[in-house]
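Here's the structure we're looking at; comments come further down.
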Amino acid sequence: IELAETRRDSVMANARGRLVELADMLGIRVVRPREGETPAQALDRRVMEVLRDIVASRMNVIALASVTGDLRERFDARVFQAGIQRAVERVQELRGPPAPVPDPAATGEPDPVDAALPPGGAAPPDSAGGL
């Protein structure tokens, strides 16, 4: 399947326009360096801020399905297992350790499951006739 040149140009222009909109929305198209920071360092900083916000659910993840095909075609992109593993490790690093689950015995609070059971620990029979 091939697109007519005018259609392909239209699709490319649309994809570029969406990328510009996305870059503006993420605040990565125009990044002002802080004192002592190069433009490349400023962009790296901003991209890391965006990634942290996405991982921490402070920013909605943007669906890029409409432009990924064009990007893959244009830049001959590939996905490597080692890259996926590094990305997963980095996400886990940014998220940090999971929040600890409090131990009811340590807090003096009754375990919610045990507190719901009648004395003796057996669940009451099902009033609907079930098991």
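Just so it is clear, the structure is predicted and the values come from calculations on it, not from any experiment.
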Does the salt bridge (Lys or Arg N to Asp or Glu O under 4.0 Å) test come out yes or no for Arg46 and Glu49, once each step is laid out? CA-CA 5 Å; Arg46 180 60 191 144; Glu49 290 169 355; 3.2 Å; yes
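Here the closest heavy-atom approach between residue Leu26 and residue Val50 is recorded as O-CG2, 3.5 Å. Here the shortest heavy-atom pairing between Pro33 and Pro39 reads CG-CA, 3.9 Å.
When side chains are defined from C-beta on, Arg45 counts as touching Val31, because their heavy atoms get closer than 4.5 Å. With a 4.5 Å cut-off on side-chain heavy atoms, Arg34 and Gln41 do not count as touching. In this structure, the side chains of Arg90 and Val88 stay at 4.5 Å or more apart for every pair of heavy atoms.
Side-chain contact, Gln85 with Glu89: a donor N or O sits under 3.5 Å from an acceptor N or O.
Ile28 contributes atom CD1, which lies 9.0 Å from atom CG of Leu19 (distance to the nearest 0.5 angstrom). Thr38 OG1 to Leu43 CG: the interatomic distance, rounded to the nearest 0.5 Å, is 9.5 Å.
Cluster membership for Met12 and Val20, using ILVMFWY side-chain heavy atoms within less than 4.5 angstrom, is not shared. Linking ILVMFWY residues whenever their side-chain heavy atoms come closer than 4.5 Å, directly or via other members, places Met48 and Met25 in the same cluster.
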